[in-house]
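Below, chain A is the first sequence line, B the second, and so on; all start at residue 1. Because only heavy atoms are used, hydrogens play no part in the values below, and waters and symmetry mates are left out as well, while side chains stay in.
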Amino acid sequence: MQIYNTMTRKKEELVPLVPGQISMYACGPTVYNYFHIGNARPFIVFDTMRRYLEYRGYQVKFVQNFTDIDDKMIRRANEEGTTVKALGERFIKEYYHDADALGVQRASVNPRATEHIGEIIALVGTLVEKGHAYVTPEGDVYFAVRSFPGYGKLSGQNIDDLENGARVDPGEAKRDPLDFALWKAEKPGEPSWDSPWGKGRPGWHIECSAMSMSILGQTFDIHAGGQDLIFPHHENEIAQSEAATGKPFARYWMHNGYINVDNQKMSKSLGNFFTVRDIAVEFDLEAVRMFMLSVQYRNPVNFSRELIQQAESSLERLKTARARLEEAQIAPAGTPEDAAFTALLDEIKVRFCDAMDDDLNTADALGALFDFARAANTFVTEPRGKTAVDKAKSLFDELTGVLGLLVNKKAEEFPAEALDLLDQRQAARKAKDFSRADAIRDALKEMGFAVEDTAAGPKLKKLS
RNA sequence: GGCGCCAUAGCCAAGCGGUAAGGCAGAGGUCUGCAAAACCUUCACCCCCAGUUCGAUUCUGGGUGGCGCCUCCA
């Protein structure tokens, strides 16, 4: 598989450190609020990456953290009149609620910063010992950026150019404007932990280094996140980690593009964001996942309701095709067309995998899936061999499963009242009382159900 | 100022050297009591100008127009 490595700015063959295994770390949410559509992209994209790697037979250790201590957490907790801990607990729960609905599987490990304070302190200690970090009289610890020669290698920034734009907040005792906090001394009313430098709390960047290395090892395969984390977050992670261990940190860096609104980056600071929770009121979140996967992950994509609707419609096509396969009539002796169809299935699978192998080109992979749907729809217009139909069903589930689509296949349930009306309509049709039949159909539509008369009889379908 | 990304039909989006996948929407048709779903047909010379090449949407240079990072941010 080829993936685009931000570090080298090229597509590279993914060769894991340990054959057959992939260790992967994705930066997770700061749990101070519901997450928005922009946050949802990496969750969905890297979940898909993980699913595909597993599909290809890798044993994947996938880590996504929760940042549950930082400035935003503290501020929000104060606003809400609650503790940072309680706030974190609450929004971790809310994260799972939304992530589940988006078809995002649980990570192998979801570490929380506050549960890794020991590792963080040890890492900061190492950096101080090695002369890469210094302690201020106030009890803050800063990383000395100029002590790490490779600084800027991920973002392609020249350290002196960065210097010009850097600023120092009043009260910060930095030796160099580029230096960043590893440990922040306690302030009144803030959560704190004991450390060799006095009470305090970790800086943002160090927690990801500490958690990723303690769970995945000092060198691991893939580090992923949004493009806006390239600088300074990931740059700082590299500096801290490699300065401490003397070993390469992550081997491949994957970064997803932004979600835009009216061509502008969606972000909390711009206030132009939609939370996933908001969208869930209007749409099944599976449509949001479809929307995200309809674009290759590195490209920016505009968000709008219209596009979610488009995604919803196209998802419907996939669902219908799968349902038709399920209802396909079986010809006991098979049919002459079975062999050609089965061969086509093999081609589609290859096309799908080729697309995914090319830097997770989900848009192209979906193209293969839609061709699959058309072929299957045509195929099942007549009774077919069981082997061919079964193969189609399992391959369809396999491929949609890789994308995390159509995974909730629980049978739709309809209210007894609606089913009763459906029977009445059918009776009216038999009696050729079509005006009554149509009236009932309208009534069902009022209730939110469409009627489809299939070869196997009339069916209800939930309208969205 | 430094670093980087993007420009393909009404909308979304693949392709990235041999003359444009797929989806949504639209039009016509088949099927249907009528619909719906499905199927068939139809719907683009790929921002502009040079250059390289037998041949460029695809490579190079220059424009134009969008966007991002350099500050918390997925």
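Of the residues in residues 90-114 of chain A, not one places a heavy atom less than 4.0 Å from an atom of RNA chain B.
Backbone-only engagement by A:Gly156 is indicated by non-hydrogen atom pairs under 4.0 Å involving sugar-phosphate atoms exclusively. Using a 4.0 Å heavy-atom cutoff across all strands shown, A:Thr320 reaches sugar-phosphate atoms only and no base atom. Using a 4.0 Å heavy-atom cutoff across all strands shown, A:Lys459 reaches no nucleic acid atom at all. Backbone-only engagement by A:Asn263 is indicated by non-hydrogen atom pairs under 4.0 Å involving sugar-phosphate atoms exclusively. Contacts of A:Arg425 with the nucleic acid, taken as non-hydrogen atoms under 4.0 Å apart, include base atoms. When heavy atoms are screened at a 4.0 angstrom cut-off, A:His36 is found touching base atoms of the nucleic acid. At a threshold of 4.0 angstrom between heavy atoms, the contacts of A:Ser155 are confined to the sugar-phosphate backbone, with no base atom among them. Contacts of A:Phe434 with the nucleic acid, taken as non-hydrogen atoms under 4.0 Å apart, include base atoms.
Among residues two or more places apart in sequence or in another chain, the salt bridge (Lys or Arg N to Asp or Glu O under 4.0 Å) test is passed with A:Asp68 by none. Take A:Asp179 and apply the side chain to side chain donor-acceptor pair (under 3.5 Å) test, not counting sequence neighbours, and it matches A:Tyr134. Judged as a side chain to side chain donor-acceptor pair (under 3.5 Å), and not counting sequence neighbours, the contacts of A:Arg106 are A:Asp100. Every residue was checked against the salt bridge (Lys or Arg N to Asp or Glu O under 4.0 Å) condition with A:Asp338, not counting sequence neighbours, and none meets it.
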Next on the checklist: Does the protein touch nucleotides 14-26 of chain B at the base, only the backbone, or not at all? Give it as B, S and - per nucleotide, heavy atoms under 4.0 Å.
Outcome noted: SS-----BSBB--

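A:Phe303 contributes atom CZ, which lies 6.5 Å from atom CZ of A:Arg305 (distance to the nearest 0.5 angstrom).
For A:Arg324 and B:rA38, a side-chain-to-base donor-acceptor distance below 3.5 Å is absent, hydrogens and geometry of angles not being considered.
Cation-pi geometry between A:Arg384 and A:Phe341 is not satisfied (NZ or CZ under 6.0 Å from the ring centre, within 45° of the ring normal).
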